[in-house]
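Read the structure below first, then the notes.
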Protein chains: 2
Amino acid sequence: MIFEKLKNINDPNIANLLSDFQKIMKQNTYSKKEILHEEGAICNHLYLIQKGVARSFYYKDGKDITAHFAVENGTITAIDSFIQRKKSRYNIELLEDSEVISISHQDMHTLLEEKPHYEKYVRLFLEQIYIDLAERIEDLLFHSAKERYDKLVKHTPNLLQRVSLKHISSYIGITQETLSRIRTQA
Amino acid sequence: MIFEKLKNINDPNIANLLSDFQKIMKQNTYSKKEILHEEGAICNHLYLIQKGVARSFYYKDGKDITAHFAVENGTITAIDSFIQRKKSRYNIELLEDSEVISISHQDMHTLLEEKPHYEKYVRLFLEQIYIDLAERIEDLLFHSAKERYDKLVKHTPNLLQRVSLKHISSYIGITQETLSRIRTQA
DNA sequence: TACCTTTTTTGACAATTGTCAAAAAAATTT
DNA sequence: AAATTTTTTTGACAATTGTCAAAAAAGGTA
């Protein structure tokens with residue numbers, strides 16, 4: 001299942017959906033450090049990571065802050081820009097040599113116009129990522145830095161091995177130094 | 001426009017949507033402190049506040065934490081439970097005597113099955129609340145307690161006058177005492 | 001291997017926010 | 001209006017996290 005977020009859906013039509021979406025998917029390979037999207041531009045693509053790791057990030061007071069990671073089967077985009085069609089504050093870069101599928105906003109829009117019965121799946125996709133985001137808020141509000149780190153270790157241990165700690169630390173909302181201290185005293 | 005989140009949509013069909021949704025809406029009046037939804041139950045309704053204020057909240061280490069406020073024209077539900085059909089950690093209560101419209105999950109599901117072209121609007125609604133949530137994450141991560149409070153004062157000053165500071169403080173992720181100190185030294 | 005760059009850790013200290021207890025102020029009820 | 005309850009503020013102190021600077025470790029390259 002290309003769209004990991006829809007993997008639990010039991011629906012005979014899903015095969016058609018996949019085949020139609022496949023028509024608007026374009027695959028590319030990128031090398032480490034390549035940029036998929038740069039801040040200031042409107043983000044016109046939804047990216048599916050087939051192989052590799054990507055992160056979205058932005059600058060706050062000159063500091064580089066990671067907003068989201070995507071590994072194999074994950075999706076990434078500058079979601080506010082993609083949805084609202086406005087300039088993005090986010091950048092998206094690859095952290096490993098990667099294979100990435102991209103779907104253009106225009107193609108997706110056209111597909112949804114032509115086959116509005118696919119709206120349902122976009123809705124389901126949004127529901128899933130909404131839940132993910134809501135959990136992240138709870139996490140930030142009500143767990144300590146250490147708890148957030150432990151959760152990450154437990155939930156996505158492989159990410160820790162593939163991504164530098166400075167990105168991890170900003171992702172969980174703390175400084176690199178604090179994360180380092182958390183790790184040693186654990 | 002009943003659905004504030006869809007107010008910017010320019011679409012001739014929106015009138016039909018409204019009329020169909022109106023058929024599944026039920027209006028009730030509630031008095032202050034009444035509970036719309038209690039934790040442990042699956043949340044079966046989406047609530048639209050016509051008049052009054054509601055908040056969703058839950059308990060973390062015995063402390064009452066506000067997750068969301070809804071004033072006139074706003075929507076509120078235990079969104080994770082409503083979407084995933086699982087038990088909710090949230091409660092929803094009214095903070096003033098209120099008039100509330102409720103839409104049952106079942107009725108909405110049925111309506112979407114019958115008229116799948118309405119899926120698009122649900123998708124647009126979800127996009128909007130996703131953006132709101134994403135902004136909230138940025139706010140929590142990258143603004144100080146004082147900045148978060150000032151933003152609230154600027155953005156929703158009337159809320160401050162209608163809701164007690166203990167709810168405001170937990171909403172912006174700080175203690176009541178810290179909020180009190182922020183307010184005096186401002 | 002040696003060199004250079006990037007990442008991670010450590011130290012010292014400062015700033016922010018939390019905790020607990022109590023007082024003051026405001027709102028609600030009798 | 002008085003009494004009661006709830007909300008807000010204040011004080012003293014502790015805990016957490018951040019900042020800045022530097023050292024150590026790890027990774028990549030010539």
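As the structure is a prediction and not an experimental result, all values here were calculated from the model.
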Between [atom2] on [N] and [atom1] on [X], what's the gap in Å once rounded to a whole number?
| X | N | atom1 | atom2 | result |
| --- | --- | --- | --- | --- |
| B:Leu165 | C:dA25 | CG | P | 16 Å |
| A:His167 | C:dT6 | NE2 | C1' | 11 Å |
| A:Asp64 | C:dT6 | CG | P | 14 Å |
| B:Ile65 | C:dG18 | CD1 | P | 10 Å |
| B:Gln176 | D:dT6 | CD | P | 13 Å |
| A:Leu95 | C:dT6 | CG | P | 15 Å |
| B:Lys60 | C:dG18 | NZ | C1' | 14 Å |
| A:Gln161 | D:dG27 | CD | C1' | 17 Å |

Nucleotide of [options] approaching [X] most closely (side-chain heavy atoms):
| X | options | value |
| --- | --- | --- |
| B:Lys63 | D:dG18, D:dA21, C:dT19 | C:dT19 |
| B:Glu177 | C:dG18, D:dT8, C:dA21 | C:dA21 |
| A:Ile174 | D:dT7, D:dG18, C:dT10 | D:dG18 |

DNA chain D: 5'-proximal contact among B:Leu179 and B:Lys33 (nearest heavy atom): B:Lys33

Would one find a side-chain N or O of [X] under 4.0 angstrom from OP1 or OP2 of [N]?
| X | N | answer |
| --- | --- | --- |
| A:Arg181 | D:dT17 | no |
| B:Thr178 | C:dG18 | yes |
| A:Thr175 | D:dG18 | yes |
| B:Arg183 | D:dT9 | yes |

[X] bridged to [Y] by N-O distance under 4.0 Å:
| X | Y | answer |
| --- | --- | --- |
| A:Lys146 | A:Asp150 | yes |
| B:Glu93 | B:Lys33 | no |
| B:Lys151 | B:Glu135 | no |

Need one value for A:Ser164: base, sugar-phosphate or nothing, where a base atom within 4.0 Å counts as base even if backbone is also close, heavy atoms only. sugar-phosphate

Under 3.5 Å, is there a donor on one side chain and an acceptor on the other for A:Thr110 and A:Glu114? no

Do A:Arg123 and B:Phe125 meet the cation-pi criteria used here (NZ or CZ under 6.0 Å from the six-membered ring centre, within 45° of the axis)? no

